[in-house]
Amino acid sequence: MRRVAVLGSTGSIGENALRVVEAAPSEFRIVGLAAGRNHGRLSEQISRHRPPIAAVCAGEGEPLCAMLEEAPAEVVTGEEGMVRVATMEEADIVLIAISGAAALAPAFAAVQAGKTVALANKECLVMAGELILETAAKTGAIVLPVDSEHSGVFQALAGRPVGQVRRIILPASGGPFLDTPLAEIEKATPEMALNHPTWNMGKRISIDSATLMNKALEVIEARWLFNVPPERVDVVIHPESVIHGIVEFVDGSMVAQMSVPDMRLPILRALSWPGRMDAGLPRLDLAAFGRLTFREVDHKKFPALGLAYKALETGGTAPAVLAAADEEAVAAFLDNKIPFGRLVPAIAEVLAEHKPQPADSIARVIEADHWAREKTRDLIDKA
């Protein structure tokens with residue numbers, strides 16, 4: 001039986017992970033949970049799975065304890081509490097599903113502890129990919145992708161050496177504005193941008209899908225995760241979201257991973273790796289789809305993608321700044337502080353002003369993250 005700790009258990013990925021565990025009770029057991037401020041949902045999860053430890057944000061321990069009644073979990077708080085869950089000896093695999101930069105400290109701690117880490121958070125590898133994977137190589141930690149695209153590439157690679165790879169291709173759905181004229185996109189409301197045609201995701205990633213910033217971050221993530229140079233990572237629009245990752249090999253052959261667009265599938269792949277198991281999840285009916293289509297990315301409509309390659313070319317802390325500026329800009333858009341058309345230009349301005357430093361420590365990466373957030377907020381406030 002695999003013992004699993006889930007950080008970010010009340011979010012979309014975390015909830016899906018618990019559904020996977022519940023579908024296979026003889027294969028998985030929850031030994032740790034961590035969440036933010038959703039006390040009600042977390043208390044329900046603790047009562048159902050009865051892990052020995054659970055973590056919440058700083059200052060949120062008492063409200064959670066008041067809801068737990070007779071559930072036996074030890075409640076820990078803040079970043080220190082998240083790290084405790086991420087490094088607990090009882091966990092065979094640690095699923096990092098916390099959104100944004102808050103995942104970095106517990107994810108890095110899990111890698112330092114030599115854990116098998118199922119990573120559903122983009123920012124960890126975007127901000128500190130080289131550092132995390134160098135550390136994993138020293139400690140014996142295994143980093144498994146949970147993003148559907150990176151899980152698809154991971155499966156298509158099937159352990160083949162990177163020297164055999166010509167290109168990694170990340171499919172993008174195109175989001176809700178794929179066929180919307182640019183002039184209309186710039187005036188889009190949060191409600192319009194959140195209306196993703198294929199995936200049911202959290203607000204931040206839904207907005208990032210609308211700008212294609214999610215794919216920009218995935219390019220950076222793929223560069224480190226699969227140890228390939230940026231020029232060998234491409235993006236193609238694939239509206240049906242059936243093909244999740246493609247690998248083109250040096251002989252011209254392509255291998256693609258396909259499944260229904262359901263996040264439980266890449267979660268199950270990570271939790272059950274290196275084996276495979278049937279957890280009763282949906283199967284793909286190719287005849288029902290009838291046709292799978294592909295398009296080139298319109299970089300004029302989706303300029304965010306180019307920022308990923310710029311950040312990688314700049315190097316150092318530039319990718320961390322890109323991720324932090326995006327998180328702040330998306331929050332401002334959702335609060336109606338900036339129009340949709342201002343989102344990516346604001347991020348680009350912050351990236352252009354940054355003076356990169358080597359991303360050789362978590363402290364330096366966090367410093368760049370804080371600088372970018374402050375710069376982005378100042379830029380938005382002055383607009």
Side-chain angles (χ1 to χ4, degrees), residues 119 122 124-126 128-134 136-137 142-175 178 208-209 212-259 261 265-266 269-270 273-274 276 284 286 289 291-316 318-319 322 359:
L119 195 56
K122 290 181 175 63
C124 289
L125 292 184
V126 171
E130 186 173 17
L131 180 61
I132 286 173
L133 292 168
E134 283 180 352
I142 297 170
V143 179
L144 299 172
V146 175
D147 259 355
S148 61
E149 294 81 2
H150 298 90
S151 176
V153 170
F154 179 72
Q155 294 179 66
L157 276 170
R160 297 179 184 90
V162 71
Q164 296 180 3
V165 175
R166 177 176 290 160
R167 280 190 305 162
I168 284 172
I169 304 171
L170 304 175
S173 70
L178 179 60
D208 279 350
S209 180
L212 233 65
M213 181 59 79
N214 69 322
K215 212 54 52 177
L217 299 180
E218 286 170 14
V219 166
I220 300 173
E221 192 178 358
R223 182 266 177 272
W224 297 117
L225 190 59
F226 303 114
N227 193 27
V228 295
E231 62 270 19
R232 286 164 59 188
V233 182
D234 285 345
V235 175
V236 65
I237 299 295
H238 171 52
E240 294 82 8
S241 299
V242 167
I243 294 177
H244 304 292
I246 306 168
V247 178
E248 180 184 10
F249 294 97
V250 292
D251 60 2
S253 296
M254 287 187 175
V255 176
Q257 186 270 331
M258 305 169 67
S259 66
L265 287 160
R269 176 80 285 261
W273 182 88
R276 288 186 183 269
L284 177 62
L286 287 173
F289 275 91
R291 179 182 299 175
L292 303 179
T293 60
F294 305 90
R295 310 185 204 177
E296 289 186 2
V297 175
D298 182 341
H299 288 272
K300 185 176 181 180
K301 184 184 285 190
F302 298 112
L305 189 58
L307 296 180
Y309 295 97
K310 182 177 180 181
L312 283 169
E313 181 181 2
T314 302
L322 176 67

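Just so you know, these numbers come straight off a predicted model, no measurement behind them.
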Between atom [atom1] of [X] and atom [atom2] of [Y], what is the distance when rounded to the nearest 0.5 Å?
{"X": "N214", "Y": "E218", "atom1": "CG", "atom2": "CD", "result": "5.0 Å"}
{"X": "L307", "Y": "L212", "atom1": "CG", "atom2": "CG", "result": "11.0 Å"}
{"X": "K215", "Y": "L305", "atom1": "NZ", "atom2": "CG", "result": "9.5 Å"}
{"X": "L225", "Y": "C124", "atom1": "CG", "atom2": "SG", "result": "12.0 Å"}
{"X": "W224", "Y": "L131", "atom1": "CH2", "atom2": "CG", "result": "10.5 Å"}

Is there a side-chain contact between [X] and [Y], using heavy atoms and a 4.5 Å cut-off?
{"X": "V233", "Y": "L312", "value": "no"}
{"X": "L265", "Y": "Q257", "value": "no"}
{"X": "V153", "Y": "V247", "value": "yes"}
{"X": "K310", "Y": "L322", "value": "no"}
{"X": "V146", "Y": "L144", "value": "no"}
{"X": "L119", "Y": "H150", "value": "no"}
{"X": "R160", "Y": "V165", "value": "no"}
{"X": "I169", "Y": "M254", "value": "yes"}

Contact list for residues 161-171, test salt bridge (Lys or Arg N to Asp or Glu O under 4.0 Å), sequence neighbours left out: R166-E248, R167-D234, R167-E248
Kindly give the heavy-atom pair with the smallest separation between [X] and [Y], and that separation in Å.
{"X": "S173", "Y": "I237", "value": "O-CG2, 4.0 Å"}
{"X": "A308", "Y": "A216", "value": "CB-O, 3.1 Å"}
{"X": "A156", "Y": "F249", "value": "O-CZ, 4.1 Å"}
{"X": "V250", "Y": "G163", "value": "CG1-O, 3.8 Å"}
{"X": "V162", "Y": "N227", "value": "CG2-O, 3.6 Å"}
{"X": "P171", "Y": "E149", "value": "O-CG, 3.7 Å"}

Partners meeting salt bridge (charged side-chain N to carboxylate O under 4.0 Å, His left out) with E221 (sequence neighbours left out): none
K301 backbone acceptor or donor facing D298 side chain under 3.5 Å: yes
Side-chain donor or acceptor of D251 paired with backbone N/O of S253 under 3.5 Å: yes
With F294 via ring-ring contact (aromatic ring centres under 6.0 Å, His included) - residues at least two apart: H238
Distance-only polar pair, side chains of S259 and H244, donor-acceptor under 3.5 Å: yes
Exercise: do Q155 and R276 side chains pair donor with acceptor under 3.5 Å: yes
Trace of the side chain to side chain contact (heavy atoms under 4.5 Å, CB included) decision for M258 with L292: CA-CA 11 Å; M258 305 169 67; L292 303 179; 3.7 Å; yes
